[in-house]
Amino acid sequence: MRKNNRKHRKTLPFVTAAAVLILAGGIAIIIPILEDDQEIMEEAAEYAELAGKVQQEHSAGALPGFTVSPQDDLLSAILDEQEHENNTPAYEQVHPPNEDVTAATPTTAPAISENDPAGLNAAAPQPDADTSAQHFTTHQPTGRPDASPTAAPTMPPAGNTGADLAACQAKNPDFVAWLKIPGTNVNFPVVLSDNTDYYLTHSFTGKQSKLGTLFSLKKTDYETPGRNIAIHHITNTSSGELMFRPLLSYKKQSFYEKHSTIYLDSLYHSAAYKIFAVVNLVKGEWDPSTASFASDADFLAFIRQAQARSLYDTGVEVTAADRILTLITCDRSYAAADGRLIVLAVEQ
């Protein structure tokens, strides 16, 4: 009995030390995870605040039936995911204020005189250049090829997404478009840049970020526009996938049937797109971001490639006269870090 007691006394310090080391190791693992979650939530709040500031009230014909508040979209998705993973309710949510950065353009009635009862000779009223929703800055995105320093885009500021494009461009000269998929948290600005390393790790406003920024490569022709506008969101972490994670839901045809329309407002063009193919692939096996095609036959070959690879048949037709939008994101469930999901849509 005494020998057993001595053995027990000898092993107790080792067991205690092992328990302390395990506890310390667990804390060392948990703290960075919690810090990452907090950082991602703050970055999501920043994007939500940006959307709230630049998006105007939708007109009667814009996005009918779209009721999700732009401030809540991405942040709610992150909180829901954290609640699911941690099995604990997310009690506190950040809801940035929805500020309208545009003001109504003041108008002045034409002067009426005895000699000019209709006011035809009166000077036309001039809008306030600082507050008019129709006024666009002449500062061009730095990544846009052959940009004229004096030419200003003539795209209506609201378009289909309700985003004030001039306000976005003022925040980041690389800004080129706003992307929205109704009914999902995809409601973000897009930049035109080949500096992908930067936008993988920085937010639209230039802060260090785990979420990154949606981007198009400079080969993408927004101005004409080209036959294929490709928008990427590739990240180094699974957490960063949150911005384009709804795209993974398109692997199910039932989700596609309820969310088949995509809206894109660029500095030059506003359009609605209908999804025609959803493709899984491994990085490098096919280039879905091809921007230019030598002939109609080459473009149609690209379309047939996408349709042949599609996870299901959407029944949507694409012709040689059409233009398409391609969304590209990570899909680690398909091929780890090299997995990609591609959603292709045709302009309506």
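In this structure, E317 places its CD atom where only 12 or fewer heavy-atom neighbours from other residues, nucleotides or ligands lie under 6.0 Å away.
When side chains are defined from C-beta on, L327 counts as touching I181, because their heavy atoms get closer than 4.5 Å. Residues F188 and L50 are not in side-chain contact: their nearest non-hydrogen atoms beyond the backbone lie 4.5 Å or more apart. Contact annotation: the side chain of T290 approaches that of F302 to within less than 4.5 Å [non-hydrogen atoms, C-beta and beyond]. At a threshold of 4.5 Å between non-hydrogen side-chain atoms, the residues T326 and I231 do not count as touching. Side-chain contact between L344 and V318 is absent, with no heavy atoms from C-beta onward closer than 4.5 Å. Annotation: side chain of V186 is in contact with side chain of F244 (closest heavy-atom distance under 4.5 Å). Side-chain contact between Y256 and Y312 is present, with heavy atoms from C-beta onward closer than 4.5 Å. Within the 4.5 Å cutoff, the side chain of W178 has heavy atoms near those of the C168 side chain.
Taken to the nearest 0.5 Å, the NZ atom of K180 stands 12.0 Å off from the CG atom of N185. Atom-to-atom distance recorded for L341:CG and R245:CZ is 12.5 Å, nearest 0.5 angstrom. Considering CG of L217 and CD1 of I229, their distance stands at 13.0 Å, rounded to 0.5 Å. The CG atom of L179 sits 9.5 Å away from atom CG of D265, with the distance rounded to the nearest 0.5 Å. For the atom pair CG of L192 and CG of D174, the computed distance is 7.5 Å after rounding to the nearest 0.5 Å. Here D322 contributes atom CG and N228 contributes atom CG; the two are 12.0 Å apart, rounded to the nearest 0.5 Å.
Counting all heavy atoms, side chain and backbone alike, L211 lies closest to A44 at CD1-N, 3.8 Å. Counting all heavy atoms, side chain and backbone alike, G206 lies closest to Y198 at CA-OH, 3.4 Å. Here the closest non-hydrogen pair linking Q169 and L267 is NE2-CD1, 3.6 Å. Annotation for L248 and C330: closest pair CD2-O, 3.7 Å, computed over non-hydrogen atoms.
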Do Q348 and Y273 pass the side-chain contact (heavy atoms from CB on, under 4.5 Å) test, and can you show the C-alpha distance, the side-chain angles, and the key distance before you say yes or no?
-> CA-CA 5 Å; Q348 299 299 285; Y273 296 82; 5.7 Å; no
Go through F175 and L165 one step at a time and tell me if the side-chain contact (heavy atoms from CB on, under 4.5 Å) criterion holds.
-> CA-CA 8 Å; F175 170 80; L165 306 184; 3.8 Å; yes
Step-by-step side chain to side chain donor-acceptor pair (under 3.5 Å) determination, Y222 to S216 = CA-CA 10 Å; Y222 277 88; S216 290; 2.7 Å; yes
Evaluate the criterion side-chain contact (heavy atoms from CB on, under 4.5 Å) for residue pair I324 and I303; output intermediate values, then yes/no.
-> CA-CA 9 Å; I324 66 171; I303 298 300; 4.0 Å; yes
I would like to know whether N172 and V191 meet side-chain contact (heavy atoms from CB on, under 4.5 Å); could you show each step before the answer?
-> CA-CA 8 Å; N172 184 338; V191 297; 3.8 Å; yes
Please tabulate, for side-chain N and O atoms in residues 274-284, each donor-acceptor pair with protein atoms closer than 3.5 Å (sequence neighbours left out).
{"from": "K274", "atom 1": "NZ", "to": "S260", "atom 2": "OG", "distance (Å)": "3.0"}
{"from": "N280", "atom 1": "ND2", "to": "D331", "atom 2": "OD2", "distance (Å)": "2.9"}
{"from": "N280", "atom 1": "ND2", "to": "R340", "atom 2": "O", "distance (Å)": "3.0"}

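For the residue pair D287 / S289, a side-chain donor-acceptor distance below 3.5 Å is found, with atom types taken as modelled. There is no side-chain donor-acceptor pair under 3.5 Å between N187 and Y47. A donor and an acceptor atom, one from each side chain of E43 and S203, are nowhere located under 3.5 Å apart.
Note: H232 and F215 have parallel aromatic rings, judged against thresholds of 30 and 60 degrees for the angle between ring planes. Taking the six-membered ring where tryptophan is involved, the planes of H259 and F255 are essentially parallel, since the angle between them stays under 30° and well short of 60°.
The backbone N or O of H202 sits less than 3.5 Å from a side-chain atom of T213, completing a donor-acceptor pair. Under a 3.5 Å cut-off, the side chain of T201 and the backbone N or O of D197 do form a donor-acceptor pair. Formation of a donor-acceptor pair under 3.5 Å by the D338 side chain with backbone atoms of A335 is not found in this model. Of the possible polar contacts, one joining the T329 side chain to the H233 backbone as a donor-acceptor pair under 3.5 Å is found.
Note on L300 and V346: separate hydrophobic clusters, where clusters join Ile, Leu, Val, Met, Phe, Trp and Tyr whose side-chain heavy atoms are under 4.5 Å apart, directly or indirectly. There is no path of hydrophobic side-chain contacts, each under 4.5 Å, that joins Y334 to I342.
A search for side chain to side chain donor-acceptor pair (under 3.5 Å) contacts involving E347 returns H269, R323, not counting sequence neighbours.
Applying the salt bridge (Lys or Arg N to Asp or Glu O under 4.0 Å) test to residues at least two apart or on different chains, the pairs with a partner in residues 292-313 are R227-D296, E285-R309.
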